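Just so it is clear: chains get the letters A, B, ... in the order the sequence lines come, proteins before strands, and each one is counted from 1. From a predicted model like this one, the values you see are computed outputs, not experimental measurements.
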Amino acid sequence: MQHQSPKKMVEFPLPWSGAENDQTDGIAISSRIRLARNFASTHFPARSDAETLQEVWDKVARGLQSCSLYSSAAWYKMATLDYLDRQVLRERQLISAEMSEKTDRGTGVVVAGEDNVSLMINEEDHLRLQILGHGLQLQNIWPCLIKTERFLNRIFDFAHTEKLGYLSACPTNVGTGLRASVMLHVPGLWLTGKLKKVYNAAEALGLSVRGAAGEESEALGGICQVSNRFTLGESEEDILKRIETTVRRIIWYERNAQRRLLRKQQTEIYDKIGRAYGQLKYGYTVPEDEAVKLLSLVRWGAICGLFSGLNRVNVDDVMRRQQKGHLQILESASHIGREELPSVRGTFLRRSLRNQVQ
Amino acid sequence: MQCQACGTSPAEVQIREIRGEEVNTLYLCNACAENYDLGTSSCPSLDEPEVTIRLSAASQQSESPSAQTMPPDDLIDDLQQTEDSEDARIEMYECPNCGWTEQTLSEKKRLGCPECYNTFWELLAPIIHDWHNEVAHKGELPKEQEGERKPAPPPGSGHLERELDVAIACEDYERAAELRDQLCEQENTYKCTDQRT
């Protein structure tokens, strides 16, 4: 899918928000893998001047001409994108927070596939290849990513040593350069206050758990992502297997927590969900953090079948559209100030839930 | 210049003694310098100095005619310059490929180029070890290089060598000695196997 500008993406659902083949009852939202690579004979981006960054961009553009996956890709240079374009790319997880701040010549992103494949050029590393999939399917999306990487590896000379593997600008990514994560929705663990235990257990297994917005962010409404901490000393397949095993374990705990809550405190839980729904449907000013927490509860309610005409995919779509970049474009409110956003969101949420629930 | 202790051999070593604000400088030959010791000094005028700075003068300086006639103050300046340039070299420690210095590294928290891994390895090794709990890559590598790996290295040797680097960088000499022994043992086994094949 080739969009003239990232703003055009907002009309389309997230390619990884489907419900098909989901065996996790909606607990695993999406899977993501990225690989970091650097050219052997070029300084890393932090040490490169504008001319070198442009050379890297041109080199990648030439190299990808013969790659079928990127034949109909959209190329976006950060210097030509405005705030909303960047925000949309970030909200759709196609670029990182760091990339969204960049304005240097030669930095940008290539978006390919069904908008689920991206290649960041001159972020922290020269190349960051990424693929996204719905639910828990790290091992299913890995072959596509490694196929692309091997293609690039044949045409480019990537910095590596036999002992340290692929060399990255930050030593925390050295080795495989692989970072994989699974986004989870765990309202049961969140409401029972057991998220901290999950954090600690994952940490002990060499994994990190953090909020949906990335490093240092809070797991609002029990929406969190589990990712590998180490990139060295383990093969790519082993890293992916380890994350999947841990995630399956967390899903098992979440199912148990949900069952226990619904068995022992069903009325209280349904009351919480109903009140959250009411706040969203009738509220007038809703800040983003609050919207995520409330939608998290409504999502659980939708999975439990509490609302006729509102299923999980509908809630995920509302969740996507209420993010500030998407919201400003969809509500033709690109000119408004930050302080007015909660009321725009309130209007949007009232309308969305009124239209979707019978 | 003659040794100030024996008065016969040429001075090759400069010793500066600091007592409070008073600085005494001695020029000794190698033999007298060897016997010179704090508190048991053979030189009666130099008892128990508070601080002693001992600077080896380069032997070629004493051998060259100009050094032998060099006035003491100039010699001190010359030695001081040597000392300063040593310090300067450490401060200016930088990647020969990209010019990234230790200071830039700590400010930016990023490396400047692939060569920085070699340049700053002593600094990076403990960080990498602490972060990853491992120091040997076990994942994908470019196909060409995999094909070039001949003859095959002894199994696990890369891992041990890297661990040895880390142990040295972390000043864990006990572990370093163990690893060195393991490496030697492995090398011998490998040689034997290699000779048989």
J.: For B/E107, is the CD atom crowded, meaning more than 12 foreign heavy atoms sit under 6.0 Å from it?
T.: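 Enclosed: over 12 neighbouring heavy atoms sit under 6.0 Å from CD of B/E107.
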J.: Does any heavy atom of chain B fall under 4.5 Å from the side chain of A/I146, the backbone, both, or neither of them?
T.: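 Looking at A/I146, just its side chain touches chain B.
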J.: For residues B/R110 and A/E124, determine if any side-chain heavy atom of one lies less than 4.5 Å from a side-chain heavy atom of the other.
T.: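 A side-chain contact under 4.5 Å exists here.
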J.: Of all heavy-atom pairs between B/A136 and A/L232, which one has the smallest distance, and what is that distance?
T.: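 Nearest pair, atom of B/A136 first, then A/L232: C-CD1, 4.0 Å.
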J.: Do the side chain of A/R47 and the main chain of B/L111 share a donor and acceptor less than 3.5 angstrom apart?
T.: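 Not at all, since once roles are kept as given, no pair shorter than 3.5 Å links the two residues.
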J.: Name the option with the most non-hydrogen atom pairs under 4.5 Å to chain B; the candidates are A/L178, A/N38, A/V174.
T.: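 Winner by heavy-atom pair count: A/V174.
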J.: Using heavy-atom distances under 4.5 Å, tell me whether A/S48 contacts chain B through its side chain, its backbone, both, or neither.
T.: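 When you check distances to chain B, no heavy atom of A/S48 falls under 4.5 Å.
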J.: Centre of B/W131's six-membered ring, under 6.0 Å away, within 45 degrees of the axis: is that where NZ or CZ of A/R229 sits?
T.: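 Here A/R229 passes the 6.0 Å and 45° test against B/W131.
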J.: Within the distance-only criterion (no hydrogens, no angle test), does the side chain of B/H132 pair as donor or acceptor with the backbone N or O of A/P171 below 3.5 angstrom?
T.: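 Yes, the answer is positive, given that a donor and an acceptor are paired below the 3.5 Å cut-off.
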J.: Is any side-chain heavy atom of B/C98 less than 4.5 Å from a side-chain heavy atom of A/F44?
T.: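 Contact flag for B/C98/A/F44 side chains = no.
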J.: Using heavy-atom distances under 4.5 Å, tell me whether A/S41 contacts chain B through its side chain, its backbone, both, or neither.
T.: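 A/S41 has no heavy atom closer than 4.5 Å to chain B.
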J.: Are B/E140 and A/T176 side-chain neighbours, meaning at least one heavy-atom pair lies under 4.5 Å?
T.: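 The answer is no, as the side chains (C-beta and beyond) never meet within the 4.5 Å cut-off.
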J.: Is there a donor-acceptor pair closer than 3.5 Å between any side-chain N or O of B/Y117 and the backbone N or O of A/L164?
T.: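 Judged by distance alone, no pair lies under 3.5 Å.
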J.: Side chains of B/N133 and A/F230, heavy atoms from C-beta outward: is any pair under 4.5 Å?
T.: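 Answer yes - side chains close enough.
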J.: Would you say the side chain of A/H43 lies within less than 4.5 Å of the side chain of B/N97, judging by non-hydrogen atoms?
T.: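 Contact flag for B/N97/A/H43 side chains = yes.
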J.: According to ring-ring contact (aromatic ring centres under 6.0 Å, His included), who are the partners of A/F39, at least two apart in sequence or on a separate chain?
T.: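 Checked A/F39 against ring-ring contact (aromatic ring centres under 6.0 Å, His included); matches are A/H126, A/F156, A/F158.
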J.: Quick check on the interface: out of A/G177, A/A159, A/G175, who has the most heavy-atom pairs with chain B under 4.5 Å?
T.: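 Most pairs with chain B among the choices: A/G175.
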J.: Sort and list the pairs that fulfil side-chain hydrogen bond (donor to acceptor under 3.5 Å, both in side chains) and have at least one residue in residues 53-68 of chain A, not counting sequence neighbours.
T.: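 Of all non-adjacent pairs touching residues 53-68 of chain A, those that pass side-chain hydrogen bond (donor to acceptor under 3.5 Å, both in side chains) are A/Q54-A/D58, A/Q54-A/K77.
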J.: Do you know the tightest heavy-atom contact between A/H160 and B/P142?
T.: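 So the two residues come closest at CE1-CG, 3.5 Å.
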J.: Is atom CD of A/E203 surrounded by more than 12 heavy atoms (other residues, nucleotides or ligands) closer than 6.0 Å?
T.: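 For A/E203, atom CD is crowded (more than 12 foreign heavy atoms under 6.0 Å).
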